[in-house]
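As the structure is a computational prediction, the values presented were derived from the model and not from experiment.
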Amino acid sequence: MMTYDELDRNLEDLTKNAAHHQLQTLHSILQHQASVGYLQPYLSACHAPVDAATFRSQVPLSSYDDYFHLINQLANGDIDHHQPLLSADPLLCFFYSSGTSTMKPKLIPYFDSALSRAASYNAHQGSAAIFRKLVPPRPEVNKILWFLYADDATTTRGGFKVMAASTYPLQGNKSRSNWSQTLPCISPREVVFGTNIEQQMYCHLLCALRSFDIIDGIRAAYAAGLIRAFSLLESKWEKLCDDLESGFPSLEIADAAMKESVVEFLGGPQVDLSRRIREICAESNWGGILSKLWPNVRYVKSVTTGSMKQYYSKLKYYAGDLMILGGDYFASECCLGINLDIQQPPESTRFVMLPTAAYFEFLPFDLNESSVVGEETVDFSGVKEGKMYEVAVTTYRGLYRYRLGDIVRVVGFHNSSPLVEFVMRAPKTGYEIITEKDLMSAMESFQHSMAAEVVEFASFSDFELSPKQLKVFIEFREGCDFLQEEKLQGSVEALQRCCSSLENGLGEIYKVQKDRGEIGPLLVSVVRSGSFDGILQMAIKNGAPAGQYKPPKIIRNREIVGFMEESAVLTINLDSFHG
């Protein structure tokens with residue numbers, strides 16, 4: 001187990017000559033993967049060893065589409081061991097990506113790479129060392145309310161398992177006997193391996209309330225998952241108290257194994273405990289509720305950057321004075337950077353790029369044009385402080401000059417390694433009307449001007465219309481006065497005024513195209529409560545991992561759009577209002 005001092009020394013060694021370590025990383029990858037089919041058309045005529053300049057001039061930048069048919073071949077078991085397609089290492093399984101703007105998640109092949117294991121181990125050990133320094137272990141209070149969902153792994157035609165990257169470490173830990181010894185999650189393994197995310201979430205809460213005095217922390221992969229769980233707590237607290245009082249979980253829990261494990265965990269009726277929780281929740285003061293229910297808890301931990309920034313203020317509301325700890329810059333494809341100061345809020349979160357995690361390239365990105373500037377990349381030594389870039393990676397596991405679709409801003413350097421902040425997901429095409437960042441900024445202004453609480457939002461650019469049109473879907477908190485029938489007329493007028501401020505914040509690209517008449521009237525639809533949970537269910541049904549689900553901000557799937565349009569209770573055409 002790495003100590004903080006060891007991490008500090010290791011990071012200093014790596015980042016003092018980051019460019020050198022980057023070249024060594026690329027050399028190791030190319031030396032190991034020289035025979036793979038993907039690289040042969042580009043590098044077969046080059047003399048070994050291939051240097052970075054040759055590699056970047058001969059191998060084109062790539063995206064998922066460039067690997068799609070090869071990944072399908074691998075998934076179907078069409079593997080030629082004499083001519084490997086993407087990696088010389090054995091294929092273990094596939095990871096799902098966490099993106100949900102389209103309906104189907106991507107499959108990322110996971111090869112048994114010793115080099116990658118070493119790099120990943122160092123990154124995760126470093127992350128754990130930073131956490132332990134801030135939150136030293138306590139032997140008596142050592143359990144976590146951890147919203148883990150180890151979705152059932154599916155199997156490809158070729159017999160390979162497909163799962164979320166976060167699920168992979170759990171797949172080998174299905175034995176009930178060593179579950180509690182190896183994982184600090186308070187819930188029984190049957191809850192983690194359950195089959196219905198809302199019922200799992202409910203059981204996580206129920207188990208944590210039963211053992212309230214030994215909960216040290218509260219965790220989820222993403223802030224959105226925590227907000228969903230705490231909202232469930234708000235709406236179901238009476239039922240949770242009833243279940244504690246009876247010692248038996250709700251009849252709605254359909255998974256027999258999960259229900260039996262929770263019955264055993266509850267250990268019979270907990271009348272006094274139920275009374276305590278009922279008194280706390282009956283006050284209907286949800287600010288700082290976490291430390292009221294779990295008095296020994298020290299922290300809340302999840303990713304809060306990027307599209308998760310939207311949930312940070314609500315998370316702070318629930319957390320009160322508790323520490324909110326951020327995450328690192330890790331992706332399904334590879335580890336990228338480590339967060340040295342996990343207490344920082346999302347707008348101040350910085351990541352040190354790890355020189356041995358992968359070979360990194362950076363495509364200059366122009367925010368005003370909402371696109372990359374050319375196809376020429378720069379490396380660690382070529383990035384400039386204050387500039388934005390799209391990240392491309394060459395990994396130990398078979399991706400070469402692969403565009404991750406992440407836009408970062410270089411905000412400084414840790415020795416000679418770039419220090420970056422995550423800005424947003426890159427636009428899919430140069431034709432998009434707004435970016436994720438534009439929408440989030442506009443919705444922040446919109447929320448400030450509205451009396452009602454916005455729970456979730458997303459947009460869709462309809463290019464099939466002429467002129468093209470932007471549609472924004474907004475879900476307000478259930479039961480808010482805003483949508484009560486007797487107040488509806490006044491609400492419509494208020495919404496129309498606020499939509500004008502929303503449109504004004506949608507960014508320069510939108511404004512220029514609107515002024516040219518290339519974009520039709522902005523449509524804003526208020527959708528029924530629970531509509532965005534419907535998208536979650538659709539995504540899970542189509543294979544998206546529940547534990548890695550991120551609500552989409554830019555929707556690119558017409559099935560989702562159709563569902564949201566059917567869920568609309570009120571739609572405003574902004575040009576009609578202006579007219």
Side-chain angles (χ1 to χ4, degrees), residues 1-29 32 112-144 146 165-166 168-170 172-173 181-185 216-217 219 221 298-305 323-331 333-344 348-360 380-381 393 395-397 411-422:
M1 188 178 288
M2 187 185 291
T3 66
Y4 185 82
D5 289 341
E6 287 171 335
L7 163 71
D8 195 44
R9 288 195 298 272
N10 187 33
L11 199 60
E12 285 300 299
D13 290 342
L14 287 178
T15 58
K16 276 180 180 173
N17 196 352
H20 170 71
H21 286 294
Q22 275 282 274
L23 293 177
Q24 280 191 324
T25 298
L26 179 62
H27 175 74
S28 297
I29 293 170
H32 187 65
D112 188 13
S113 162
L115 293 169
S116 183
R117 276 200 308 276
S120 180
Y121 176 82
N122 287 333
H124 284 91
Q125 283 292 302
S127 176
I130 291 167
F131 173 77
R132 283 194 302 273
K133 186 183 183 192
L134 195 61
V135 188
R138 293 186 294 183
E140 304 83 14
V141 183
N142 57 6
K143 291 297 182 181
I144 299 170
W146 199 339
S166 57
Y168 183 71
L170 303 176
N173 192 16
Q181 282 75 39
T182 57
L183 199 71
C185 176
D216 186 38
R219 302 179 71 155
R298 289 188 286 175
Y299 67 91
V300 177
K301 192 174 192 308
S302 72
V303 171
T304 58
T305 47
M323 292 187 292
I324 297 179
L325 307 180
D328 297 291
Y329 189 7
F330 295 167
E333 293 83 358
C334 65
C335 299
L336 288 93
I338 196 168
N339 181 357
L340 295 180
D341 189 357
I342 55 178
Q343 284 187 274
Q344 288 295 325
S348 306
T349 296
R350 312 285 187 259
F351 306 102
V352 180
M353 299 294 285
L354 296 170
T356 56
Y359 178 68
F360 299 106
F380 269 26
S381 60
V393 295
T395 73
Y396 295 103
R397 290 195 165 109
V411 294
F413 293 86
H414 186 89
N415 292 325
S416 62
S417 191
L419 198 60
V420 304
E421 65 177 12
F422 184 91

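Within the structure, salt bridge (Lys or Arg N to Asp or Glu O under 4.0 Å) contacts touching residues 13-24 (residues at least two apart or in different chains) do not occur.
Shown here are the side chain to side chain donor-acceptor pair (under 3.5 Å) partners of Ser348, two or more places apart in sequence or in another chain: there are none. With sequence neighbours left out, Phe413 forms a ring pair (Phe, Tyr, Trp, His ring centres under 6.0 Å) with no residue at all. Remark: Gln343 pairs with Leu134, Met323, Leu325, Asp341 by the side-chain contact (heavy atoms from CB on, under 4.5 Å) rule, at least two apart or across chains. Checked against side chain to side chain donor-acceptor pair (under 3.5 Å), Arg117 has the following partners two or more places apart in sequence or in another chain: Asp112. Residues that satisfy the ring pair (Phe, Tyr, Trp, His ring centres under 6.0 Å) test with Phe351, not counting sequence neighbours, are Tyr329. Here His27 pairs with nothing under the side chain to side chain donor-acceptor pair (under 3.5 Å) rule; sequence neighbours left out. A search for side-chain contact (heavy atoms from CB on, under 4.5 Å) contacts involving Ser116 returns Ser113, Tyr396, Arg397, not counting sequence neighbours. In this structure, the ring pair (Phe, Tyr, Trp, His ring centres under 6.0 Å) partners of His124, at least two apart in sequence or on a different chain, are Phe330. Under the rule for a side-chain contact (heavy atoms from CB on, under 4.5 Å), the partners of Thr15 that lie at least two apart in sequence or sit in another chain are Leu11, Val352, His414, Asn415, Ser417. Arg219 is linked by a side chain to side chain donor-acceptor pair (under 3.5 Å) to nothing, counting only residues two or more places apart in sequence or in another chain. Qualifying side-chain contact (heavy atoms from CB on, under 4.5 Å) partners for Asn122, counting only residues two or more places apart in sequence or in other chains: Met2.
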